[in-house]
Amino acid sequence: MKIATWNVNSLKVRLPHLLEWLDAAKPDVVCLQETKLEDASFPRAAIDKIGYAACCHGQKTYNGVAILSRLGLEDVQPGIGGYEDDHKRVLAATVRGVRVVCAYVPNGQAVGTNKYEYKLQWLAEFARWLGEELGAHEKLAVLGDYNVAPAEIDVHNPKRWAGQVLFSEPERAAFQRLLGLGLQDAFRLFPQKERSFTWWDYRLNAFQKDMGLRIDHILVSPALAARCRGCWIDLGPRRLERPSDHAPVVAELELG
DNA sequence: ATGGTAGAAACTCTA
């Protein structure tokens with residue numbers, strides 16, 4: 001089973017890229033972030049037409065998540081259990097016995113701001129809830145835009161990014177707490193090329209200069225880590241005209 | 001050098 005995550009930065013704008021990518025990459029499950037669409041505006045027909053079921057949890061203008069699957073979707077649940085959040089950032093569903101969580105972690109804007117404090121609080125609630133989910137689901141995959149680069153190797157210029165939002169110590173500690181629950185970073189289960197990134201700022205021609213960060217991740221429970229056969233970043237969609245600022249991340253799971 | 005671009009919406013906010 002091929003699972004993927006992609007921050008599309010407006011599903012309305014990126015729908016042609018998404019349909020093209022689904023046809024080319026043929027993932028079985030795709031978690032989308034920043035759909036920026038209310039559920040009533042979700043392009044269900046176009047996605048259904050190419051064989052994917054979809055569930056969505058969206059809002060106008062900001063945030064919004066969705067899960068697409070060509071292997072069915074069961075037990076769909078929005079939000080972080082036990083945490084009231086006005087932002088639509090989390091959606092979970094079960095596919096072939098795998099509990100899939102799609103997450104759009106708050107960006108945090110800048111260290112020291114209210115949005116940064118919200119991000120840290122949000123990550124604490126997320127970790128608390130994922131601990132519960134790990135207890136309930138042996139096969140758990142948590143895919144999304146974490147808005148955290150875990151290590152220096154995940155940042156094009158770690159000296160310049162030191163202490164900045166997306167790479168500050170408290171954010172990295174919050175990410176490590178997710179790993180501390182027993183989740184594993186699927187990308188780092190395998191050898192990878194240096195300078196592997198998933199996001200490049202639209203500004204300053206960052207993609208062309210390879211000035212990126214790896215902030216989109218697929219975390220897997222031990223049972224899935226043992227079945228993970230590969231994990232890679234697909235740069236194709238980032239090279240298109242009018243792209244998302246993020247590239248998709250894909251993992252291959254071998255299920256019995 | 002504290003810029004720059006993109007998206008949605010609406011004369012600004014978020015990323």
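These numbers were taken from a predicted model, which means no experiment stands behind them. Every chain is numbered from 1 and lettered A, B, ... according to where its sequence line falls, protein lines coming before strand lines.
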**Q** C1' atom, B/dC11 versus B/dA1: distance in rounded Å?
**A**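 B/dC11 and B/dA1 have their C1' atoms separated by 28 Å.
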**Q** Checking A/Asp234 against A/Trp21: is there a side-chain donor and acceptor pair closer than 3.5 Å?
**A**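 Their side chains do contain a donor-acceptor pair, which is all the 3.5 Å distance test asks for.
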**Q** For the C1' atoms, the ones on B/dT14 and on B/dG4, what distance do you get once it is rounded to whole angstrom?
**A**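 After rounding to an integer number of Å, I get 15 Å for this pair.
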**Q** Which one, B/dC13, B/dA8, B/dA15, comes nearest to the side chain of A/Arg203?
**A**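 Ranking B/dC13, B/dA8, B/dA15 by closest atom to the A/Arg203 side chain puts B/dA15 first.
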**Q** C1' atom, B/dA9 versus B/dA15: distance in rounded Å?
**A**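 Between the two C1' atoms, the distance is 15 Å.
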**Q** Among B/dG7, B/dA15, B/dA9, find the nucleotide with the atom closest to the side chain of A/Thr61.
**A**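 The answer is B/dA9, which lies nearest to the side chain.
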**Q** Reckon A/Lys115 has a side-chain N or O less than 4.0 Å from the OP1 or OP2 of B/dT14?
**A**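 Yes, within the criterion.
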**Q** Give A/Phe207 one of three labels, base, sugar-phosphate or nothing, depending on what nucleic acid heavy atoms sit under 4.0 Å from its own.
**A**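 Since no nucleic acid heavy atom lies under 4.0 Å of A/Phe207, the category is nothing.
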**Q** Between A/Arg229 and A/Glu254, is there a salt bridge with N-O shorter than 4.0 Å?
**A**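 A salt bridge links A/Glu254 with A/Arg229.
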**Q** Check whether any side-chain heavy atom of A/Trp6 lies under 4.5 Å from a side-chain heavy atom of A/His17, and answer yes or no.
**A**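 They are in side-chain contact.
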**Q** Could you check which of B/dT14, B/dA9, B/dG7 has an atom nearest any side-chain atom of A/Lys60?
**A**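 Output: B/dA9.
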**Q** B/dT12 and B/dT2: how far apart are their P atoms, nearest whole angstrom?
**A**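 Straight-line distance between the two P atoms is 23 Å.
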**Q** Does A/Lys2 come within less than 4.0 Å of A/Asp28, counting only side-chain N to carboxylate O?
**A**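 Result for this pair is no, no salt bridge flagged.
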**Q** Report yes if a side-chain nitrogen or oxygen of A/Arg14 is closer than 4.0 Å to either non-bridging phosphate oxygen (OP1 or OP2) of B/dG7; otherwise report no.
**A**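 So the side chain of A/Arg14 is within the cut-off, an N or O lying under 4.0 Å from OP1 or OP2 of B/dG7.
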**Q** What's the closest nucleotide to the side chain of A/Tyr62 if the choices are B/dA15, B/dC13, B/dA8?
**A**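 The answer is B/dC13, which lies nearest to the side chain.
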